[in-house]
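Notes to accompany the following structure.
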2 protein chains.
Amino acid sequence: MTAAMREANAGEGLTERQGAVLEQALRLLVDGGEKALTTAGIARAANCSKESLYKWFGDRDGLISAMIGFQASKVRTQDVAARALDAESLERHLIVFAKDLLEVLAGDVSLALNRLAIGQASRDGSKLGHMLQERGRRQIGRRAAALLEAGRKAGLLAFDDADEAYGALYGLIVSDWHLKMLLGEEAGEMKKGFGRKAEQAVSAFLSLYGTKR
Amino acid sequence: MTAAMREANAGEGLTERQGAVLEQALRLLVDGGEKALTTAGIARAANCSKESLYKWFGDRDGLISAMIGFQASKVRTQDVAARALDAESLERHLIVFAKDLLEVLAGDVSLALNRLAIGQASRDGSKLGHMLQERGRRQIGRRAAALLEAGRKAGLLAFDDADEAYGALYGLIVSDWHLKMLLGEEAGEMKKGFGRKAEQAVSAFLSLYGTKR
DNA sequence: TGCGAACCGTACCGTACGGTACTGATTGGG
DNA sequence: CCCAATCAGTACCGTACGGTACGGTTCGCA
């Protein structure tokens, strides 16, 4: 296996070695926050030299960008082939989507990266924010949009503006939980309520946009 | 006017001089993010000495805590005396609440303080997060809870769990706008849509929890 | 008028970080 | 067997920050 072959394995233009380094960097970030994300610390944790870090990623910002891209490349949302959609299966799919959304938002790495991007939003012109939005949010948003569109095509949902409907769905599912978790609320206690929360949100959403009720 | 009399003017145990200093600190934070919030910078902007800063606020964390408390003390939510509530006035009050909520969340200082608290959530055990939650969120939450309770007493709303109803209202109003703004999305463009957004959210909420429809 | 407290401005100290340069070891190819 | 490239480890540099100490000044008060 040549170096050229090893390239572009992780969906980015990254060596597996570089991926391992980014993995360690993410771990540092999750454990200690932005303050723990120092070049020396990463080099120590990943058993590599600072010089290599700068050679591979340019500077600290490049490394952080690479971390976001690397993490996004690991979380691919599979579009559910939603054929033969009836009222019950739509509700089931929506509930699964809701649970997945809550699980993703409550994830260690997701929270840490969002905290990092939010903390830097003032100084870097929200470059990281846009990146996180584009590579994380958009994915799950498309999955929901496809689901809603399928529901409408099947005559199970009625809405004019798909974005508005998605906004309502998202708000009913997430409410202020995401912010509370970003602010440091212990996520362990909350996760138990995700199932019930998801069902309630989907029920409310179907009351608003379903044709059945 | 003695120094003792000047104390406790701003709702906290603060001299007006100290309040002015905190004002400048908030301005620095809004303009330049956490990185701009240095003790030397604050001293320069407020024309005071670093020694005074440490004398008044202990250390940098104490100063940040004081900033949060100071800002919270300026934003007192007036409980609307909601007697003689009918369907139309309830809807009007809810829309006003929704607009206020969006305006508050989109405010410069609110965004900056939330960014700061989120950025420090990993290292300080979410002390700032809890403070922000307690002194900012709780206020507006109580206002909403009172409104919802009044609506239920008047037979206009039907819900078992007030927290659940409030969660739905909050989610329908805010959706993912808060996170987007925290991540750096330009807030100027969004503010124009607040009115329509608030009306839509309240309409949806009344569809879910109103007794009239 | 004289005293003392508060305070501004600045200089200072230790530390820690981002980024660079150098050395020695390893590896793969000809 | 040697050469070139890569990389780990470390030492180093400039800078900037949090926090402290000190001289000079103002202001309330007796």
Side-chain angles (χ1 to χ4, degrees), chain A residues 1-9 13-25 28-29 31-67 116 119-120 122-124 127-128, chain B residues 1-10 13-25 28-29 31-67 115-116 119-120 122-124 127-128:
Chain A
M1 192 185 218
T2 70
M5 289 172 60
R6 237 182 277 117
E7 296 281 340
N9 263 358
L14 297 176
T15 312
E16 55 187 26
R17 176 85 179 101
Q18 294 168 10
V21 170
L22 293 179
E23 199 78 55
Q24 291 301 317
L28 277 182
L29 178 65
D31 289 347
E34 185 194 350
K35 189 176 176 184
L37 199 67
T38 68
T39 54
I42 297 170
R44 202 180 317 119
N47 286 327
C48 74
S49 71
K50 287 172 66 176
E51 196 172 20
S52 300
L53 292 182
Y54 286 100
K55 179 172 211 164
W56 293 333
F57 307 109
D59 58 0
R60 189 171 182 269
D61 284 354
L63 193 141
I64 292 174
S65 297
M67 289 167 64
L116 181 61
Q120 304 231 329
S122 321
R123 39 193 177 209
D124 71 348
K127 179 171 150 287
L128 293 182
Chain B
M1 192 185 220
T2 68
M5 289 173 62
R6 237 182 276 116
E7 297 280 341
N9 262 357
L14 297 175
T15 313
E16 55 187 26
R17 176 85 179 103
Q18 295 169 9
V21 169
L22 294 179
E23 199 78 56
Q24 291 301 317
L28 277 182
L29 178 65
D31 289 347
E34 186 194 348
K35 186 178 174 179
L37 199 67
T38 67
T39 54
I42 296 170
R44 202 180 317 121
N47 286 327
C48 75
S49 71
K50 288 172 65 175
E51 195 173 20
S52 300
L53 291 182
Y54 286 100
K55 178 172 213 166
W56 292 334
F57 306 110
D59 57 0
R60 189 172 182 268
D61 283 353
L63 193 140
I64 292 174
S65 297
M67 288 168 64
R115 289 199 187 106
L116 181 61
Q120 305 230 329
S122 321
R123 38 193 177 212
D124 71 349
K127 178 171 150 286
L128 293 182

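Below, chains carry the letters A, B, ... as their sequence lines are ordered, and counting in each starts from 1.
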Flag side-chain contact, heavy atom, 4.5 Å: A/Trp56 against A/Val21
yes
When you compare the side chain of B/Leu37 with that of B/Arg60, does any pair of heavy atoms fall below 4.5 Å?
yes
Encode nucleotides 4-18 of chain C as B, S and - characters from 5' to 3', where the letter depends on protein heavy atoms closer than 4.0 Å: B to the base, S only to sugar-phosphate, - to neither.
---SBB-------SB
Grab the two heavy atoms, one from B/Leu53 and one from B/Ala43, that are nearest each other, plus how far apart they are.
CD1-N, 4.0 Å
Would B/Lys127 and B/Ser65 count as a side chain to side chain donor-acceptor pair (under 3.5 Å) if you check the C-alpha gap in whole Å, the side-chain angles of each, and the deciding distance to 0.1 Å?
CA-CA 9 Å; B/Lys127 178 171 150 286; B/Ser65 297; 3.1 Å; yes
To the nearest Å, give me how far apart CG (A/Leu53) and P (D/dT10) are.
15 Å
side-chain hydrogen bond (donor to acceptor under 3.5 Å, both in side chains) pairs touching residues 41-53 of chain A, sequence neighbours excluded, are A/Ser49-A/Ser52
